[in-house]
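Step one of this worksheet: look at the structure below.
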Amino acid sequence: MELNDLEKIRVAKIEAMRAAGMEPYPTRSNVTHTTAEAIRLFEQAEAAGSTEPVKVSVGGRLRSERLMGKLCFAHIEDGWGRLQLFLRVNELGEEALNRFREQFDLGDFIQAEGVMIRTRTGEVSVQVQAFAMLAKAITPLPAAKDEVVDGQVVRHAGLTDPETRYRQRYADLAVNPEVREVFRARAKTVTALRRFLDEHDFLEVETPILQPIYGGAAARPFVTFHNQLKQNLYLRISFELYLKRLLVGGLERVYEIGRDFRNEGVSFKHNPEFTQLEFYWGYADYLKVMELTEQMVAYVCDEVLGKRTVVYDGQELDFNPPWRRLELRQGILDTAGIDIGLYPTGEALAEAMRAKGINVKPGSTRGKLIDALLSDFLEPTLIQPTFLYNYPRDISPLAKGLPGDPNTVERFEGYVAGMELCNAFTELNDPLDQESRFLEMGRAYEAGDDERHPMDDDYLQAMSYGMPPCGGFGMGVDRLAMLLTDQRTIREVLLFPHLRGTTEE
RNA sequence: GGGCGUGUAGCUCAAUGGUAGAGCAGUAGCCUUUUAAGCUAUUGGUUCAGGGUUCGAGCCCCUGCACGCUCACCA
């Protein structure tokens, strides 16, 4: 452990404490109240007109110190808030107060016991009668100054460098309270999603992360190897194929919240591992799923924010149902000026796009071209929550066809703030059709496309036992958390986002 | 992967090719109701790494690394 000068000074204090018979890392604390409990207790006593002294023992991290000769004000912070400590030579004696001044630094975890009082300026405080070190910090917190004014935390020169914040998230969290709030909101989001689905009689399940055959999405997987079994395994790119097997088995409403892994580029909305929610709802279809989605997101907004509107990137988003519904064909016509319905083949559509001066990636299928039009023209315009529906068949191999339209499937995606939030369809449950779709995919991707999917024979076996009609749904939970916490990058809602390795060590 | 930008003290930031600085933190002294903890003094640097140009490089050039923005990729 390489120590800088500031850290060496603190280590010297540790040695001085031990030499004086005090343990800087005692095994146990003697904390009786959180800061919030202590304050509440005192305010209640005050309101009741009680003269009985409120005695507490509180613990927390030392966040500010104001040394005034023979007295000292300090703030400690625990997981519930902040509390001012008032240390006087009158109660503590000169020796103890000097010990506090000399051995206690900002960032240390300490314990203080005493009587709750209100100081002359009116701040609820602990008049300290005894104190102890709970855990000495060696590295100073990367916040120069931090205080509470009118209940607001004011920071002067805090920790802002994104790289340091992500690599040392512990320091970021310790020093930036709004970061802690983001992750509290994220946790509430996940809890609310679970509660909503539980209340709608969905069963939460867990399916394999290590899979011998990956599928359910078009993405490159991470590959790993089981030494004993001498077997290649893939980290899942979706839960879909396993969850639908469960509907075959009679678990007709299931969901899973967990991690997906995709071996692709990173961006403000992509991380190599991300949290996905998928649910499958027997006897439903994509229209019913749309309605449930609206209700679910509105429910989450209520639980997390207490309201259904949120300002994201300066724009107010309204999550009140119903969301705007826009047929994909119409949306592309409105924004790109091309009616995909007039071009049933990839060649014809590519021709129409070139005529408009749009760059066409050679070898693209019709579906990929439509997806490109969607991404480039339509997606940026979808700010308010919108369901795009009816998607091209060749990029949706697990979705059921739209009756009467051989090129189109019953699929929708939810877009908010120009970003894809969720993806759902009426699930294909015809095993023979499914098999031919797999084969179709295999041919379309044959020319060395590494998104080509292996045939999953066991999945077909499951389908052949019969799966009830159902609507399936997938949503990026990180992206929902971004929207609800007004964060413009996924890294801000991941505690430990993926960063490149450093060259040291 | 491409383009643009950034990298200087623990943190936030300065510094025409000419002595590397400030605020806060730290250290020392003074101070019995503070709240950007006041006054006084003071310590602290592999300027991301490695090469080059130059009498002289934080600054200019090259290579590499990391981060940010952006484009590409990504159902």
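Owing to the predicted nature of the structure, the values given are computational and were not obtained by experimental measurement. Numbers restart at 1 for each chain; the letters A, B, ... are given by sequence-line order, proteins then strands. All values below were derived from every heavy atom in this structure, side-chain atoms included, with hydrogens, water molecules and symmetry-related copies excluded.
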Quiz item: Hey, does the side-chain of A:Glu123 have a donor or acceptor N/O within less than 3.5 Å of a partner on the base of B:U34?
Solution: no

Practice problem: For the side chain of A:Phe73, starting at C-beta, report the closest nucleotide among B:U33, B:C11, B:A37. | Solution: B:U33

Quiz item: Does the ring centre of A:Phe86 sit less than 6.0 Å away from the ring centre of A:Phe73?
Solution: yes

Exercise. Take atom C1' in B:C60 and the same atom in B:U16, then report the distance between them in whole Å.
Key: 13 Å

Practice problem: Of all the heavy-atom pairs spanning A:Leu97 and A:Gly69, show the shortest one and how long it is. | Solution: CD2-O, 4.0 Å

Quiz item: Sequence neighbours excluded, which residues qualify as side chain to side chain contact (heavy atoms under 4.5 Å, CB included) partners of A:Asp313?
Solution: A:Arg488

Quiz item: If pairing requires Watson-Crick or G-U wobble contacts with both distances under 3.5 Å, which nucleotide is the partner of B:A28?
Solution: B:U40

Quiz item: Within this structure, what is the CG-to-P distance between A:Asp172 and B:U12, rounded to whole angstrom?
Solution: 11 Å

Exercise. Can you tell me, in whole Å, how much space there is between the C1' of B:A9 and that of B:C48?
Key: 15 Å

Quiz item: Quick one: is A:Thr160 getting a side-chain N or O under 4.0 Å of the B:U12 phosphate, OP1 or OP2?
Solution: yes

Quiz item: Listed by chain and number, what are the side chain to side chain contact (heavy atoms under 4.5 Å, CB included) partners of A:Arg101, not counting sequence neighbours?
Solution: A:Leu67, A:Asn98

Self-check item: Distance between C1' atoms of B:C4 and B:U53 (Å, rounded)
Solution: 26 Å

Quiz item: Does the pair A:Arg63/A:Glu77 count as a salt bridge with the N-to-O cut at 4.0 Å?
Solution: yes

Exercise. In whole angstrom, give the distance that lies between atom CG of A:Leu97 and atom P of B:U33.
Key: 13 Å

Quiz item: Below 3.5 Å, does any donor atom in the side chain of A:Thr119 face an acceptor in the base of B:U34, or the other way round?
Solution: yes

Quiz item: Looking only at atom P, what distance separates B:U12 and B:A20, rounded to whole Å?
Solution: 24 Å

Quiz prompt | Pairwise P distance, B:U8 and B:G45 [rounded to whole Å] | solution = 16 Å

Quiz prompt | Whole-Å distance separating the CG atom of A:Leu373 from the C1' atom of B:A75 | solution = 14 Å

Practice problem: Give the nucleotide from the list B:U33, B:G10, B:U12 with an atom nearest to the side chain of A:Asn4. | Solution: B:G10

Exercise. Sort out the partner of B:U19 for me: Watson-Crick or G-U wobble, both distances under 3.5 Å, none otherwise.
Key: none

Self-check item: For A:Tyr234, all residues meeting ring-ring contact (aromatic ring centres under 6.0 Å, His included), sequence neighbours excluded
Solution: A:Tyr214

Practice problem: May I ask which nucleotide in the shown strands pairs with B:U54, Watson-Crick or G-U wobble, both distances under 3.5 Å? | Solution: none

Side-chain donor/acceptor pairs under 3.5 Å, residues 412-424 of chain A, sequence neighbours excluded:
{"residue": "A:Glu413", "atom": "OE1", "partner": "A:Tyr391", "partner atom": "OH", "Å": "2.8"}
{"residue": "A:Glu413", "atom": "OE1", "partner": "A:Tyr415", "partner atom": "OH", "Å": "2.8"}
{"residue": "A:Glu413", "atom": "OE2", "partner": "A:Arg411", "partner atom": "NH2", "Å": "3.3"}
{"residue": "A:Asn423", "atom": "OD1", "partner": "A:Arg411", "partner atom": "NE", "Å": "3.0"}

Quiz item: Applying a 3.5 Å limit to both distances, which nucleotide forms a Watson-Crick or G-U wobble pair with B:C73?
Solution: none

Quiz item: Given that both distances must come in under 3.5 Å, which nucleotide forms a Watson-Crick or G-U wobble pair with B:G68?
Solution: B:C4

Quiz item: Separation of A:Asp394 atom CG from B:A75 atom C1', in whole Å?
Solution: 10 Å

Quiz prompt | Rounded interatomic separation in angstrom, taking CG from A:Leu374 and C1' from B:A75 | solution = 9 Å

Between the protein and nucleotides 67-70 of chain B, are there any N/O to N/O pairs under 3.5 Å, and if so, what are the atom names and distances?
{"residue": "B:C67", "atom": "OP1", "partner": "A:Arg500", "partner atom": "N", "Å": "2.8"}
{"residue": "B:C67", "atom": "OP2", "partner": "A:Arg500", "partner atom": "NE", "Å": "3.2"}
{"residue": "B:C67", "atom": "O4'", "partner": "A:Glu163", "partner atom": "OE1", "Å": "3.0"}
{"residue": "B:G68", "atom": "OP1", "partner": "A:Arg491", "partner atom": "NH1", "Å": "2.2"}
{"residue": "B:G68", "atom": "OP2", "partner": "A:Arg491", "partner atom": "NH1", "Å": "3.0"}

Self-check item: salt bridge (charged side-chain N to carboxylate O under 4.0 Å, His left out) pairs, two or more places apart, involving residues 341-351 of chain A
Solution: A:Glu351-A:Arg354

Self-check item: A:Arg220 CZ to B:C74 C1', straight-line distance once rounded to whole Å
Solution: 8 Å

Quiz item: Rounding to the closest angstrom, what is the interatomic distance between B:U47 and B:G21 at atom C1'?
Solution: 12 Å

Pairs under 3.5 angstrom, nitrogen or oxygen only, protein versus nucleotides 26-32 of chain B, please.
{"residue": "B:U27", "atom": "OP1", "partner": "A:Lys13", "partner atom": "NZ", "Å": "2.6"}
{"residue": "B:C31", "atom": "N3", "partner": "A:Gly69", "partner atom": "N", "Å": "3.2"}
{"residue": "B:C31", "atom": "N4", "partner": "A:Arg101", "partner atom": "NH1", "Å": "3.4"}
{"residue": "B:C31", "atom": "N4", "partner": "A:Arg101", "partner atom": "NH2", "Å": "3.0"}
{"residue": "B:U32", "atom": "OP2", "partner": "A:Lys70", "partner atom": "N", "Å": "3.4"}
{"residue": "B:U32", "atom": "N3", "partner": "A:Asn90", "partner atom": "OD1", "Å": "3.0"}
{"residue": "B:U32", "atom": "O4", "partner": "A:Asn90", "partner atom": "OD1", "Å": "3.4"}

Exercise. Would you mind classifying the nucleic acid contact of A:Pro392 as base, sugar-phosphate or nothing, using non-hydrogen atoms under 4.0 angstrom?
Key: nothing

Exercise. Write down the distance between CZ (A:Arg63) and C1' (B:U34), rounded to a whole number of angstrom.
Key: 18 Å

Quiz prompt | Partner residues of A:Phe104 under the ring-ring contact (aromatic ring centres under 6.0 Å, His included) criterion, sequence neighbours left out | solution = A:Phe100, A:Phe131

Exercise. For A:Phe183, enumerate each residue passing the ring-ring contact (aromatic ring centres under 6.0 Å, His included) test, keeping only those at least two apart in sequence or located in another chain.
Key: none

Practice problem: Between B:C71 and B:C59, how far apart are the C1' atoms? Round to whole Å, please. | Solution: 30 Å

Quiz prompt | Short N-O contact, A:Arg118 and A:Glu46, less than 4.0 angstrom | solution = yes

Quiz item: Rounding to a whole Å, what distance do you find between A:Arg66:CZ and B:A25:C1'?
Solution: 16 Å

Practice problem: Between B:G5 and B:A37, how far apart are the C1' atoms? Round to whole Å, please. | Solution: 39 Å

